[in-house]
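Positions are given from 1, in the same order as the sequence printed here. In this text, all values refer to a predicted model and were calculated from it rather than measured experimentally. Atoms within each ligand, like the ligands themselves, are counted from 1 in listed order.
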Amino acid sequence: MFMGYHIITALDIGSSFIKALIAREDKKDSKIEVLGKGIVACGGLRKGEILHLEEVTSAIAKSVNLAQEEAGQKVKSCVCNINGSHLFSTLSQGLVSVSRADQRISPDDVARALHQAENITLPSNKEVLESFPIDFIVDGEKGIKQPQGLKGNRLEVRTLLLCIFSPVLENLTKAVLNAGLKIDDIIPSAIAAARSCLTNKEEELGVLLVDIGSATTGMVVFEEGNLIDYEVFPIGSANITNDIALGLRTDIVTAERIKKEYARIFSKGKKPKKKSASDKIQIPDKSLVFSKRELRDIVESRVSDIFTEIQKVLKKKLSQKLLPGGIVLTGGGAKLPGLEDYARQNLKLPSRIGVPKGIEGLEEDPSLSVVAGLLRGKSGFMGWEAPEEADTGFFRKIGNIFRIFLP
Ligand SMILES: Nc1ncnc2c1ncn2[C@@H]1O[C@H](COP(=O)(O)OP(=O)(O)OP(=O)(O)O)[C@@H](O)[C@H]1O
Ligand SMILES: [Mg+2]
């Protein structure tokens, strides 16, 4: 119907919502315009992973139907996310001797080096989802992005491997296929968020993106344009809601309302000191009264849990990194007022809220960063492009799964 356009469907399977977008991408200038959107609440996940398959399948089908109605067309396949705290990353290296007599590095040498780096021993039920090359080293010379054609004896590659607990991947694939959609690609949530929120300049400089969802927080770190770390931990904005419900002795729906309406996080030295009459908050239809201070303490302790995890990663894994690109906070949880200042103070880094940029017809809302990034796929990713022969394990693995689940 749309000549000169690709139709792309993005599906973000989140712990609180399933979000679907149908968009068209102009083949000429790659501009993306959203044609339809469907967002459906779903309780079938736990900490980013599918727990109740049928519930998730039906929510996927509903969200895609809503998007189809708005877009006025049907879709058959999608790009979806994968998330959960079983996702982990590890650095790996591959080393081969250059095979040609003239010592020019061939695509085959590159492929062999990459395969060797991907060929690591993992505990049972874990597999490499994808490999992100960082750089090549030719006869000890580091930082090479395109080794093909260069002369040398030893070719090494350093790569970040993203690994996953296989049953999580299988359940995800089942849920999407059962909803009647094929899968074009699967992209980890925080990488998708980075695709829609970060600038190339930030990725070059060194930047940490934090996707605060409802039940998980994902972190990705880029340096010199490369992905160098990926972490997920099982705390998110729903932990704040749950604690509000417990602390103020109310139900989850009211707690969520209170969070969205009244919660904020204060940076040190910015807390209101004086007690005043307006210190009390009343929720009349629930005959609930509480002090702003009570709410503040609850929000502060859960947000501080999240930042303790971020600090751990910064200290343990990134001790040498300066990250002049700063920290970019996104995901629905990043909508908490005051978070940007809090992050700046807590991490002593430049900080901003990340929203999806440059997609026509889509609000610049942090909770849409992942689904928007899925529309972009991996295009324009890193300054490095894999030669065809050097395709990583990702498509092979996914290919096998398609074979298992497709009729
Ligand atoms: N204005 C707001 N203030 C505070 N929190 C908010 C606000 N709006 C949304 N949230 C929170 O954002 C969370 C939802 O974010 P998001 O849609 O990114 O999560 P998700 O993708 O479903 O979950 P996950 O990524 O953990 O699987 C909810 O916990 C919600 O309460
Ligand atoms: Mg999410």
Side-chain angles (χ1 to χ4, degrees), residues 10-21 37-51 55-56 59-60 63 80-87 168 171-172 175 186-197 209-220 230-245 251-265 295-296 298-300 302-303 305-306 309 328-340 342 353-356 362-374:
L11 191 62
D12 174 8
I13 301 163
S15 306
S16 57
F17 296 102
I18 311 284
K19 304 167 188 135
L21 290 179
K37 180 170 88 175
I39 298 183
V40 173
C42 177
L45 281 93
R46 193 173 60 195
K47 303 287 176 196
E49 292 166 4
I50 294 171
L51 192 64
E55 199 177 331
V56 177
I60 291 173
S63 68
C80 69
N81 69 317
I82 187 161
N83 190 22
S85 48
H86 279 115
L87 212 59
V168 172
N171 276 339
L172 173 80
I186 299 181
I187 302 177
S189 289
I191 292 177
R195 290 276 60 73
S196 72
C197 295
L209 174 128
V210 183
D211 168 28
I212 308 176
S214 80
T216 64
T217 294
M219 296 172 57
V220 280
Y230 193 117
E231 307 274 339
V232 189
F233 48 91
I235 316 175
S237 189
N239 295 72
I240 304 178
T241 309
N242 295 344
D243 256 32
I244 293 175
D251 57 280
I252 292 284
V253 176
T254 310
E256 180 76 6
R257 207 175 103 198
I258 292 172
K259 178 175 82 174
K260 286 189 179 153
E261 235 167 280
Y262 301 105
R264 63 167 297 133
I265 179 85
L295 180 63
R296 208 167 67 211
I298 295 169
V299 174
E300 202 174 87
R302 291 296 74 83
V303 171
D305 287 349
I306 294 176
E309 295 294 329
V328 177
L329 300 148
T330 194
K335 292 205 251 182
L336 183 74
L339 201 65
E340 192 178 339
Y342 180 89
I353 302 297
V355 294
L362 190 71
E363 313 88 291
E364 295 193 345
D365 178 332
S367 66
L368 297 175
S369 297
V370 171
V371 73
L374 294 172

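- Looking at Arg257, Lys259, Lys260 one by one, the single match for side chain to side chain donor-acceptor pair (under 3.5 Å) with Thr241 turns out to be Lys259.
- The distance from the CD1 atom of Ile235 to the CG atom of Asp305 is 5.0 Å, given to the nearest 0.5 Å.
- Here Tyr342 pairs with Phe307 under the ring pair (Phe, Tyr, Trp, His ring centres under 6.0 Å) rule; sequence neighbours left out.
- Each of Gly14, Ser15, Ser16, Phe17, Lys19, Asn83, Gly213, Ser214, Ala215, Thr216, Ser237, Ala238, Glu256, Lys259, Lys260, Gly331, Gly332, Gly333, Lys335, Leu336, Ser367 has a non-hydrogen atom positioned under 4.0 Å from some atom of ligand 1.
- By the side chain to side chain donor-acceptor pair (under 3.5 Å) test, Ser367 is found to be paired with Asp365, residues two or more places apart in sequence or in another chain being considered.
- Partners of Glu55 under the salt bridge (Lys or Arg N to Asp or Glu O under 4.0 Å) rule, at least two apart in sequence or in another chain, do not exist in this structure.
- Using modelled atom types, one finds no donor on one side chain facing an acceptor on the other under 3.5 Å when comparing Ser189 with Asp211.
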